[in-house]
Amino acid sequence: QVQLVQSGGGSVQAGGSLRLSCAATGYTFSSSCMGWFRQAPGKEREGVAGMCPGDDSPDYADSVKGRFSISRDNGKNTLYLQMNSLKPEDTAMYYCAARIWITSARGHGLRPSFYQFWGQGTQVTVSS
């Protein structure tokens with residue numbers, strides 16, 4: 001049974017940093033594409049960052065490039081999102097996602113429809 005359990009998040013002032021974690025169980029973590037998404041009230045879910053073991057580099061939304069960094073520890077079956085220089089517009093519910101038994105996103109790594117499994121979500125609130 002695939003499970004993605006998120007931790008981290010919270011409230012921070014603008015300019016601050018947070019790190020999100022996503023612990024995966026029930027599948028071979030190293031052979032999967034993983035992503036981070038966010039959804040603000042009244043808005044569609046949007047891709048923040050994605051990474052696949054067969055791709056050269058992670059994908060990032062333009063709005064977070066240079067501020068956010070996605071990483072994974074295959075030994076701990078855990079995905080991370082380091083968020084620096086946070087802005088009030090980063091306020092949203094954040095979700096991790098997994099697409100298993102695939103090693104390349106082929107350009108789809110920031111699309112919600114690419115992923116099969118989702119974490120429970122964690123709130124990030126950035127105040128000005």
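Just so it is clear, the model here is predicted, and its values are computed rather than measured. For the numbers below, each heavy atom of this structure counts, side chains included, while hydrogens, waters and symmetry mates do not.
Distance check: Leu81 CG to Thr122 OG1 gives 11.0 Å after rounding to the nearest 0.5 Å. Rounded to the nearest 0.5 angstrom, Arg45 CZ and Ser113 OG are separated by 12.0 Å. Of the inter-residue distances, the one linking Gln82 atom CD with Arg67 atom CZ reads 12.0 Å to the nearest 0.5 angstrom. In this structure, CD on Gln13 lies 9.0 Å from OG on Ser128, to the nearest 0.5 angstrom. Note that the CD atom of Gln120 and the SG atom of Cys96 stand 7.0 Å from one another [nearest 0.5 Å]. If you take CE on Met93 and CD on Gln6, they are separated by 9.0 Å, rounding to the nearest 0.5 Å.
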- [ ] Start with the C-alpha distance between Phe29 and Thr78, add both sets of side-chain angles, then the distance that settles side chain to side chain contact (heavy atoms under 4.5 Å, CB included), and finish with yes or no.
- [x] CA-CA 8 Å; Phe29 180 73; Thr78 302; 5.6 Å; no
TODO: For Tyr27 and Phe117, run ring pair (Phe, Tyr, Trp, His ring centres under 6.0 Å): C-alpha distance rounded to whole Å, both residues' side-chain angles, the deciding distance at 0.1 Å, then the answer.
DONE: CA-CA 11 Å; Tyr27 68 101; Phe117 302 99; 7.0 Å; no
Task: Criterion side chain to side chain contact (heavy atoms under 4.5 Å, CB included) on Thr91 and Val124, from CA distance to verdict - done: CA-CA 5 Å; Thr91 295; Val124 171; 5.9 Å; no
Task: Residues Tyr80, Arg19; criterion side chain to side chain contact (heavy atoms under 4.5 Å, CB included); working and verdict - done: CA-CA 7 Å; Tyr80 302 99; Arg19 189 176 80 158; 3.7 Å; yes
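Checked against Phe37 for a ring pair (Phe, Tyr, Trp, His ring centres under 6.0 Å), the options Trp118, Tyr95, Phe114 give a single hit: Trp118. For the side chain to side chain contact (heavy atoms under 4.5 Å, CB included) criterion with Leu18, the lone passing option out of Asp90, Leu86, Val126, Asn84 is Leu86.
Here the side chains of Ser17 and Met83 are not in contact, with every heavy-atom distance at 4.5 Å or above. Between His108 and Cys33, the closest side-chain pair of non-hydrogen atoms is not below 4.5 Å. Proximity of Leu79 to Ile70: side-chain heavy atoms (C-beta onward) are separated by under 4.5 Å at one or more points.
Pro88 and Ser127 make their closest contact through CG-C, 4.5 Å (heavy atoms, listed as atom of the first residue, atom of the second, distance). Shortest non-hydrogen contact noted between Ser63 and Arg38 is OG-NH2, 3.4 Å. The minimum heavy-atom distance between Trp36 and Leu20, with the atom names listed, is CH2-CB, 3.6 Å. Minimum heavy-atom separation, Leu4 to Ala24: CD2-CB, 3.6 Å. Considering all non-hydrogen atoms of both residues, Gly50 and Leu110 come closest at N-CD2, 3.8 Å. Shortest non-hydrogen contact noted between Tyr60 and Ser69 is OH-CA, 3.3 Å.
Put simply, the side chain of Gln39 never gets that close to the backbone of Ala92: no donor and acceptor are under 3.5 Å apart.
Residue Ile100 is grouped with residue Met34 when hydrophobic side chains (ILVMFWY) are merged at heavy-atom distances under 4.5 angstrom, including chains of intermediate members. Cluster membership for Tyr115 and Val64, using ILVMFWY side-chain heavy atoms within less than 4.5 angstrom, is not shared.
Between Tyr94 and Phe68, the angle of the ring planes lies from 30° to 60°, which puts this pair in the tilted group.
For the residue pair Asp55 and Ser104, a side-chain donor N or O sits within less than 3.5 Å of a side-chain acceptor on the partner.
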